Every structure is written in C-alpha cells, then in structure tokens.
> 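Before we start, here is the structure in question, set down as structure tokens.
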Amino acid sequence: MAEKVIVCKELTKRFGDFYAVNKISFEVNKGEIFGFLGANGAGKTTAMRILCGLSHPSSGEAQVAGYDVYQQAESIKKNIGYMSQKFSLYENLTVAENIEFFGGVYRVPAAEIEERSDALLQKLGLTGEAKKLVGALPLGWKQKLAFSVAIFHRPRIVFLDEPTGGVDPVTRRQFWDMIYEAAASGITVFVTTHYMDEAEYCDRVTIMVDGKVEALDAPSRLKAQFNANNMDEVFYQLARGAKRSGD
Amino acid sequence: MNTVVLDHITKHYDQERVLAVNDVSLQVRAGELFGLIGPDGAGKTSLFRILTTLLLPDKGQASVLGYDCVRDYRQIRNKIGYMPGKFSLYQDLTVKENLDFFATLFGSSIGENYTLIKDIYEQIKPFNNRRAGKLSGGMKQKLALCCALIHKPEVLFLDEPTTGVDVVSRKEFWQMLKNLKQQGITILVSTPYMDEAVLCEKIALIQGGNILSVDTPDGIRSKFPVPLYAIRSDNTYQLLTALRKEPGVDSSYAFGESIHITLNEQQTNMAAIQQSMVAKGHTQLSMEQIQPGIEDSFIRLMNQA
C-alpha cells in the first residue's frame with residue numbers, strides 16, 4: 001500500500017458562522033501530483049494554510065508528513081516546501097544569496113548548501129547569473145528558481161499555489177517538467193492552478209466548491225464520471241452552482 | 001477610420017536598459033473586440049498605458065478615435081474607459097460611492113447611463129454599502145468594470161480583467177464583454193490565457209515586447225505551417241520524454257492528456273513514430289492529425305522569434 005503523506009478527516013475551519021472549509025476528507029500518496037482546484041472563495045487557500053501548519057482547524061483531523069496539524073505545526077513546516085506566484089524569493093538578494101538564505105532557514109548544513117547550490121545553478125543554467133539580483137531575472141526563470149528553492153531542503157511535500165500564473169506557454173511546460181521530476185524523486189506535489197490543462201497533468205484532482213470537496217479522482221475518471229471532454233467542462237459543471245465567490 | 005492605432009511604438013524603461021515595447025504596430029476597428037494575448041512581461045500593460053495617455057512612448061505614434069495619444073490626451077481621457085490590471089478603485093469608499101464618484105468625475109450620473117451597466121451592476125447592487133476593499137475578487141472586477149463604463153465611453157481598455165479568476169467567473173466576464181460589444185463599444189482587452197483568444201474577433205499575439213502575429217483567431221490558426229498531431233498513451237510524461245528523444249519529431253508539447261507534435265520534414269511519418277513508440281513499450285497509444293489551437297501557434301511563433 002502506498003505511503004500516505006497527507007491525511008485529512010472531516011477537516012473544518014469556521015470563521016464565526018462561516019464554514020470556509022467544511023468537513024473535507026482526503027489522502028495524498030507519496031510521490032503523487034495532487035491537483036487542488038476550486039472556484040475563487042471555495043476554501044482552497046484556507047485548507048492549504050492548515051496543511052502547511054499556518055492555521056489551526058476548528059475541528060477534524062489532519063496529518064501532514066506524519067505530523068499532526070494541531071500539535072506539531074513546527075515539524076510540518078520543516079518537512080514541507082512552499083511556493084506561490086506572489087511571493088517566493090527576495091528580489092533584492094542575488095540568486096546565490098536566495099538559495100543560501102532559504103537553505104539556511106531550513107537548516108541545511110552550510111557545506112551542503114554550497115555543494116547543492118552549485119549543482120542547482122548548473123542544472124538551471126543560471127551559473128552565470130548567480131550574482132545577479134533575482135529582481136532582474138525574467139519571470140520564467142524566477143519561477144523555476146523559486147520552485148528549486150522550495151524543494152532545496154528535500155521536503156517530503158511541496159505546496160505550489162498557482163505556480164505558473166502569467167508565464168508563457170513554453171515556460172509553463174518546462175515548469176511542469178520540473179514538477180514531474182520532483183514527484184519521480186519521491187516529493188509529493190500539492191498544486192493549485194487556474195489552468196485546466198494543467199489539471200490533466202495531475203495524478204489525481206480535487207475540486208472544492210463552497211468549502212466542500214465535490215470531486216476527487218484521476219482526471220480521466222472525472223471526465224468519464226461527468227461525461228466531459230476535458231477538465232474545463234468538469235470544473236464548470238461543478239463550480240457553476242457555487243454560492244460563494246471570493247479571493 | 002481605425003479607432004485605435006499603434007504606429008511603430010517603442011518604449012524603454014530604466015534608462016533604455018529594458019525594452020518593454022519594440023516597434024509595435026496594430027489597428028483596432030470601430031466596434032471590434034480586440035485581444036492582446038501574451039504572458040507577463042510581453043508589453044501589454046505598457047501599450048495600454050500609452051493608449052490611455054498615461055505613459056509617453058519613446059518612438060512612434062499612437063491614436064485613439066483619431067486623437068493623438070500625446071497631444072490630445074484631454075479629449076481621449078473623456079472618451080475612454082480604462083480598467084487597469086491592478087484593482088484601482090477607492091478601497092475605503094463603498095460600491096455606490098465609487099460609482100457615484102466616477103460618474104461625477106465625468107460630469108455624468110449613475111442614472112444617465114444606467115442601461116449600459118444595468119446587467120453588471122445589478123449583480124453587485126446588494127452590496128451597495130460595502131466598502132470596495134471588502135469585496136471578493138469577482139465583485140471587485142464587476143465594480144471596476146461598472147466604474148470604467150459609467151461615463152459611456154466609446155472605447156474600453158481592459159488590462160488582464162480575468163487574471164487569477166476562476167473558469168466560471170471568466171466565462172461570465174466574457175459574456176459581459178460580448179453584450180457590451182453589441183452596444184457598439186470598441187473593446188481592447190489583454191489576457192495571458194490563450195484559451196480566451198478565440199473569444200475575440202481579432203488578436204495580437206505578443207511576447208517580450210514584440211508582436212508575433214495579428215489576425216483573426218482562425219487566421220492565426222490557419223497559418224500554422226506544418227501538420228500537427230495529437231498523440232496519447234496511458235503514461236503522458238513517459239511518452240513526452242520518449243518523443244523528445246525521437247529524431248523524427250521536431251517539437252513536442254503536452255496539452256492536457258495528449259501531446260502535440262510536429263515532425264521533421266521529409267524523413268518521417270506518423271506511422272513510423274507510432275511504431276517506434278510501440279517498440280519502446282508505450283501502451284494504449286492513439287494519434288490523430290488535429291487543427292492547431294492558438295496556444296500551438298503561439299508556441300511555434302515564439303520559438304521562431
């Protein structure tokens with residue numbers, strides 16, 4: 001049986017009488033690419049914050065990388081990586097400084113930082129840019145670097161919050177190559193996106209509507225279940241009836 | 001007469017170090033729904049700012065409704081509506097106060113042009129007394145569109161109105177644009193989502209400050225120079241990796257659950273590729289020739305540039 005790296009049971013987050021996340025349950029396997037979709041305001045960000053150890057649930061259970069979200073949030077943080085489109089790197093630090101900084105934050109030994117940093121720069125083709133400020137890099141490079149930094153400490157899970165927003169179609173696909181590579185190396189990938197073709201690249205996809213998980217399966221099975229040609233249609237059928245809208 | 005004209009427009013930033021727009025020319029006809037399609041950094045926002053008289057070009061000329069974007073900025077500002085990519089209404093004014101404010105600014109009132117905004121405004125009217133900063137993303141977007149329309153502009157500039165918005169809200173938004181077009185408003189809209197290109201009458205594909213192509217969506221797709229095939233198997237990523245190593249394959253890109261490929265001329269055909277993939281152990285293979293989409297065309301043009 002596959003090892004479970006995320007387990008949620010009836011996880012709930014309530015703000016007053018508003019159920020941002022309403023009894024969601026799912027399990028994510030090691031090395032899986034798990035797509036987490038939903039309309040704006042469906043509760044994705046709230047759920048992700050809980051799983052990253054940043055917010056306490058109101059009720060229900062969740063373990064991430066084997067740690068409990070109520071009791072062991074700090075252990076969770078050490079074992080995950082996180083990247084979002086909005087903020088991931090310090091623009092006014094150089095490429096090398098960003099790697100060193102995040103490596104240090106996650107307690108990667110200094111000697112190892114140096115060694116892995118060189119290998120990483122070489123792999124990304126950024127060796128010549130190591131001393132450039134991140135702010136001066138093209139967006140596509142920034143995003144590839146941000147992803148590499150997020151998995152630099154070899155976390156068990158990496159959370160990606162709309163990682164490919166705004167990049168060109170070729171860079172977007174190169175980014176997915178990196179995701180596949182990370183998953184093949186055993187890192188579990190938990191990813192949100194607004195691009196429905198990217199939902200097809202996930203092993204399994206969750207679609208949240210109004211705080212609940214309304215669908216969870218492999219893309220091919222969801223398409224069969226909803227009699228749809230693509231994930232766009234599946235999403236549309238489910239989210240069309242949503243009552244909530246938000247950020 | 002063309003409603004919007006860009007004639008060899010060039011714009012640099014940071015003391016000539018960054019080239020944002022490189023010799024761009026295009027025309028938008030009266031009543032047209034025109035899309036600027038491209039990723040971040042393509043130059044879309046710079047073009048919008050030049051056309052809305054908020055930024056001076058380094059070279060070239062631009063006009064809106066026959067008015068020059070540098071000399072006649074006052075006339076242009078009265079006749080256009082602009083919705084910037086970043087939410088720019090007053091966060092601490094309510095929905096109604098924002099709308100009143102923008103109407104008054106243009107010497108109009110909510111009542112005067114109510115028919116134009118009615119369908120959109122009625123969706124946010126229940127939140128009339130809520131501060132704009134407290135609205136959800138979708139509602140902010142609708143309010144911003146109402147504020148851009150309240151003085152009945154002849155040309156509407158919408159900079160990435162659907163970025164970060166979910167699929168359902170995006171579909172609704174494009175329906176609103178269609179309705180506005182029917183009222184005779186010329187609309188210039190930008191988007192990073194290639195699938196939205198087909199909703200425009202005419203599009204410009206733009207990347208790194210350069211126009212890759214300007215045409216109707218069908219026109220752009222029909223200019224795809226070689227046959228395009230979709231191939232799929234039960235393991236897309238393994239298949240993609242194998243196709244990249246296949247000598248007969250010129251390009252291969254994942255598109256959802258299939259991979260779109262073009263072949264090197266002369267030497268290969270699809271049957272040979274299929275045989276090769278079967279020999280390498282790929283299972284449940286299927287392939288067919290397909291019509292290219294805008295994203296296929298964009299990738300090809302981008303790689304040629």
Side-chain angles (χ1 to χ4, degrees), chain A residues 33 37-42 44 85-86 136 138-140 142-143 162 164-174 176-177 179-181 183-184 193-201 203 207-209 218-220 223 229-242 244-247, chain B residues 14 17-18 37-42 85 123 134-142 160 162-172 191-195 205-208 232 234 236-238 240-241 244 251-260 293-303:
Chain A
I33 302 175
L37 312 183
N40 299 114
K44 294 191 302 286
Q85 185 199 343
K86 287 177 192 124
L139 178 71
K142 262 187 229 172
Q143 269 160 312
E162 292 180 34
T164 57
V167 303
D168 68 69
V170 175
T171 307
R172 203 151 69 79
R173 285 166 176 80
Q174 289 167 350
W176 271 88
D177 280 347
I179 292 180
Y180 279 116
E181 202 184 303
T193 179
H194 280 308
Y195 291 100
M196 287 302 131
D197 61 331
E198 294 185 344
E200 309 260 8
Y201 307 153
D203 296 314
I207 298 177
M208 273 189 84
V209 181
S220 56
K223 281 182 283 185
N229 291 313
N230 50 47
M231 285 303 293
D232 195 283
E233 286 177 27
V234 172
F235 185 90
Y236 191 71
Q237 282 187 42
L238 281 168
R240 191 176 41 188
R244 290 172 13 190
S245 71
D247 274 320
Chain B
D14 200 10
R17 277 198 288 263
V18 180
I37 318 290
D40 288 3
Q123 300 174 50
K134 298 280 178 200
L135 293 174
S136 73
M139 288 196 284
K140 275 183 184 162
Q141 181 201 42
K142 283 172 187 149
E160 296 205 21
T162 55
T163 292
V165 175
D166 68 64
V167 175
V168 176
S169 309
R170 278 167 56 190
K171 284 199 169 127
E172 279 177 16
T191 176
Y193 297 108
M194 304 278 151
D195 58 342
L205 302 184
I206 175 167
Q207 156 92 354
R232 51 172 81 178
D234 52 6
T236 310
Y237 188 62
Q238 274 176 17
L240 182 62
T241 314
R244 284 184 183 151
S251 71
S252 51
Y253 290 101
F255 275 76
E257 59 175 3
S258 57
I259 297 166
H260 293 185
I294 296 297
E295 194 157 358
D296 293 298
S297 302
F298 194 99
I299 290 175
R300 191 163 182 95
L301 290 164
M302 210 182 124
N303 288 336

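Residue numbers begin at 1 in each chain, while the letters A, B, ... track the order of the sequences. If you're wondering where the values come from, they're calculated on a predicted model, not measured in any experiment.
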> As a quick check of understanding, evaluate side-chain contact (heavy atoms from CB on, under 4.5 Å) for B:V168 and A:F235, giving each step before the final call.
CA-CA 8 Å; B:V168 176; A:F235 185 90; 4.2 Å; yes
> Would you call A:D232-B:R170 a salt bridge at under 4.0 Å N-O?
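No.
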> Could you tell me the separation between the CD atom of A:Q143 and the CG atom of B:D40, rounded to the nearest 0.5 Å?
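These two atoms lie 8.0 Å from each other.
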> By a 4.5 Å heavy-atom criterion (distance strictly below it), what part of B:D14 contacts chain A: side chain, backbone, both, or neither?
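Interface part for B:D14: neither.
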> For B:V165, does its backbone N or O pair with a side-chain atom of A:N40 as donor and acceptor, under 3.5 Å?
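Side chain of A:N40 to backbone of B:V165, a donor-acceptor pair under 3.5 Å: no, none is there.
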> Look up atom CD in B:E295 and atom CG in A:D168, then write down how far apart they are to the nearest 0.5 Å.
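So the gap between those two atoms works out to 9.5 Å.
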> With rounding to the nearest 0.5 angstrom, report the CZ to CZ distance, A:R173 to B:F255.
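Result: 4.0 Å between the selected atoms.
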> Under a 4.5 Å heavy-atom cutoff, which of B:P39, B:G38, B:G256 has the most pairs with chain A?
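Sorted descending by pairs with chain A, the first entry is B:G256.
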> Charged N to carboxylate O below 4.0 Å: is that the case for A:D177 and B:R244?
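Answer for the salt bridge query: yes.
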> Heavy atoms, side chains only, cut-off 4.5 Å: are B:V167 and A:H194 in contact?
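The answer is no, as the side chains (C-beta and beyond) never meet within the 4.5 Å cut-off.
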> Could you go step by step and tell me if B:Y237 and A:Y201 meet the ring pair (Phe, Tyr, Trp, His ring centres under 6.0 Å) rule?
CA-CA 8 Å; B:Y237 188 62; A:Y201 307 153; 9.7 Å; no
> What distance do B:T241 atom OG1 and A:Y180 atom OH have between them, rounded to the nearest 0.5 Å?
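Atom-to-atom, B:T241:OG1 and A:Y180:OH are 9.0 Å apart.
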> Name the region of A:N230, side chain, backbone, both or neither, that has any atom closer than 4.5 Å to a heavy atom of chain B.
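For A:N230, there is no contact with chain B at all, as no heavy atom is under 4.5 Å.
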> Are any of the side-chain heavy atoms of B:E257 and A:P219 separated by less than 4.5 Å?
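Side chain of B:E257 against side chain of A:P219, heavy atoms only: no contact under 4.5 Å found.
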> For A:M231, is it the side chain, the backbone, both, or neither that has a heavy atom closer than 4.5 Å to a heavy atom of chain B?
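When you check distances to chain B, no heavy atom of A:M231 falls under 4.5 Å.
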> Under a 4.5 Å heavy-atom cut-off, does chain A meet the side chain of B:E172, its backbone, both or neither?
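No part of it gets close to chain A.
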> Taking ring-ring contact (aromatic ring centres under 6.0 Å, His included) as the definition, give me every residue that meets it alongside B:Y253, ordered by chain and number, with sequence neighbours left out.
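Once residues adjacent in sequence are excluded, B:Y253 has no partner under the ring-ring contact (aromatic ring centres under 6.0 Å, His included) criterion.
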